[in-house]
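Some notes on the structure that comes next.
Naming convention: chains lettered A, B, ... in sequence-line order (proteins, then strands); numbering from 1 in each chain. These figures come from a predicted structure and were not determined experimentally.
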There are 2 protein chains.
Amino acid sequence: MTARTTVERITDHPDAQDITLQGVLEAIADPVRRSIVRQIANAPGDMACGTFDISVTRSTGTHHFRVLRQSGIIRQYYAGTSKMNMLRRDDLDRAFPGLLDAIVEASDREAVRAAGARR
Amino acid sequence: MTARTTVERITDHPDAQDITLQGVLEAIADPVRRSIVRQIANAPGDMACGTFDISVTRSTGTHHFRVLRQSGIIRQYYAGTSKMNMLRRDDLDRAFPGLLDAIVEASDREAVRAAGARR
DNA sequence: TCCATCGTACGACGGTGGTCATATGACGAT
DNA sequence: ATCGTCATATGACCACCGTCGTACGATGGA
């Protein structure tokens, strides 16, 4: 039994059918949260909370993860002391086809443009 | 010279390349503004400000139209005493492919669902 | 010319949400 | 058992934003 995924449920996740467009858009409109989503989307696998490149305090980070979770954008589960994050792609795609992809893509595109302008 | 489109420019419209994802998402995250966008998207032609079904005061409406205009989502022009509104589809599609469609579609879908739940 | 209509400008108010500091709790490693 | 790490909870602060009322400006019709 070494280093395993804890089964304990986090209570906060909304059911797929309870994900609202309003919630998703509010969540994703924040730059820090959008950056988080982008990082998960571009990562090969799930990411621990601590591994994100964010510009705010840990406590503020916790706040943003909670908003993302409660809006139904991410799913979280414990793995030992760290907490893993994954996108709820299927649920989102079913509820709002094309939305997540469009936003992530736009976000990537803008990040690239910003990087270009910076040099 | 009867009932014509005034040529006067409204100064506020951002250039296409200055439309930011942040601005668009902030703008569209508000339910009143999203409703406005939806109404334009589903209308056969451009819509005058006064013809919208909105739940707020005229002055608040003006505020929302300004946000939409300055974010680059809509273009406005005068036609006599009323002000016409149109989506900047091309500019938006070029900047953020699929985004507008996904949001409008999701918005429609949700409106339908809400109407269903209401009866 | 006068009035009605449509939209804007400005100021005020209230709520919400992003931020941080600090303290607390859970888990793993030593 | 103890410590360090990871994340949360709580409370406070502040800025921003959605809202409204009122006053104003512009246009078109009677």
Side-chain angles (χ1 to χ4, degrees), chain A residues 1-13 22-37 40 46-71 73-86, chain B residues 1-13 22-37 40 46-71 73-86:
Chain A
M1 272 226 193
T2 54
R4 252 217 293 153
T5 293
T6 313
V7 188
E8 312 163 16
R9 279 279 176 192
I10 299 168
T11 63
D12 255 23
H13 297 105
Q22 184 61 38
V24 169
L25 290 180
E26 275 174 8
I28 214 108
D30 181 274
V32 175
R33 289 194 287 263
R34 199 164 57 253
S35 160
I36 291 175
V37 170
I40 305 182
D46 301 352
M47 291 183 65
C49 282
T51 66
F52 286 84
D53 179 24
I54 48 179
S55 52
V56 293
T57 309
R58 263 192 210 81
S59 54
T60 303
T62 297
H63 164 65
H64 287 305
F65 282 110
R66 182 172 48 234
V67 173
L68 286 172
R69 171 173 21 97
Q70 291 179 340
S71 70
I73 297 182
I74 66 173
R75 187 175 294 281
Q76 296 186 298
Y77 57 93
Y78 284 102
T81 158
S82 63
K83 204 170 191 174
M84 304 301 296
N85 299 272
M86 55 182 296
Chain B
M1 268 221 193
T2 54
R4 255 224 285 155
T5 293
T6 312
V7 187
E8 314 163 16
R9 280 278 176 193
I10 298 167
T11 62
D12 256 24
H13 297 106
Q22 184 62 38
V24 169
L25 291 180
E26 276 174 7
I28 213 107
D30 181 274
V32 175
R33 290 194 288 262
R34 197 163 60 252
S35 160
I36 291 175
V37 170
I40 306 182
D46 301 352
M47 291 183 67
C49 284
T51 67
F52 286 84
D53 179 25
I54 48 179
S55 53
V56 292
T57 309
R58 264 191 205 84
S59 55
T60 302
T62 296
H63 164 65
H64 287 306
F65 282 109
R66 181 170 51 235
V67 173
L68 287 172
R69 168 168 27 94
Q70 292 180 342
S71 70
I73 296 182
I74 66 173
R75 187 175 294 281
Q76 296 186 298
Y77 58 92
Y78 283 102
T81 157
S82 64
K83 203 170 191 175
M84 304 301 297
N85 300 273
M86 56 183 296

**Request:** Starting from the 5' end of DNA chain C, give me the residue, S55(A) or E26(A), whose nearest nucleotide shows up first.
**Result:** E26(A)
**Message:** Checking contacts here: which listed nucleotide (dT19(D), dG18(C), dG7(C)) is nearest the side-chain heavy atoms of H64(A)?
**Reply:** dG18(C)
**Distance test, side-chain N/O of T60(B) to OP1/OP2 of dC20(D), below 4.0 Å** = yes
**Fill in**
Closest heavy-atom pair, R34(A) versus A29(A), reported as atoms and distance to 0.1 Å, is NH1-O, 3.4 Å
**Message:** I need the CD1-P distance between I36(A) and dA7(D), as an integer number of Å.
**Reply:** 11 Å
**Asked** What is the distance, rounded to the nearest whole Å, between atom CD1 of I28(B) and atom P of dG18(D)?
**Response** 13 Å
Report, one pair per line, the protein and nucleotides 8-10 of chain D atoms (nitrogen or oxygen only) whose separation is under 3.5 Å.
residue, atom, partner, partner atom, Å
dT8(D), OP1, K83(A), NZ, 2.5
dT8(D), OP2, T62(A), OG1, 2.8
dA9(D), OP2, R66(A), NH1, 3.3

**Complete:** Distance col, row M47(A):CE vs N85(A):CG, nearest 0.5 angstrom, shows 8.0 Å
Pairwise N/O distances under 3.5 Å, protein to nucleotides 12-15 of chain D:
none

**Prompt:** Just how far, in rounded Å, is P of dG7(C) from CD1 of I74(B)?
**Reply:** 12 Å
**Separation of atom CE in M84(A) from atom C1' in dA7(D), rounded to whole Å** = 14 Å
**Item:** Interatomic spacing from SG in C49(A) to CD1 in I36(A) - rounded to 0.5 Å
**Value:** 8.0 Å
**Request:** Supply the atom-to-atom distance K83(B) NZ to T62(B) OG1, rounded to the nearest 0.5 angstrom.
**Result:** 7.5 Å
**Integer-rounded Å distance: dG17(C) C1' and D30(B) CG** = 14 Å
For residues 64-71 of chain B, dump all side-chain donor-acceptor pairs below 3.5 Å to protein atoms at least two apart in sequence or in another chain.
residue, atom, partner, partner atom, Å
H64(B), ND1, R33(B), NH1, 3.1
R69(B), NE, Q76(B), OE1, 2.4
R69(B), NH1, D12(B), OD2, 2.6
R69(B), NH2, Q76(B), OE1, 3.4
Q70(B), NE2, D12(B), OD2, 2.6
S71(B), OG, V67(B), O, 3.2
S71(B), OG, L68(B), O, 2.9

**Prompt:** Can you name the residues that form a side chain to side chain donor-acceptor pair (under 3.5 Å) with D46(A), not counting sequence neighbours?
**Reply:** Y77(A)
**Asked** Over how many whole Å does the gap from Q70(B) atom CD to dG18(D) atom P extend?
**Response** 12 Å
**Gap between atoms CG and P, on N85(A) and dC6(D) respectively (whole Å)** = 14 Å
Can you give me every donor-acceptor pair (side chain of residues 50-57 of chain A, partner residue at least two apart or in another chain, under 3.5 Å) with its distance?
residue, atom, partner, partner atom, Å
T51(A), OG1, A48(A), O, 2.7

**Item:** Euclidean distance, atom CD1 of residue I54(A) to atom C1' of dA7(D) [Å, nearest integer]
**Value:** 11 Å
**Message:** To check you understand the geometry: which heavy-atom pair defines the closest contact between I28(A) and I73(A), and what is its length?
**Reply:** CD1-CD1, 4.0 Å
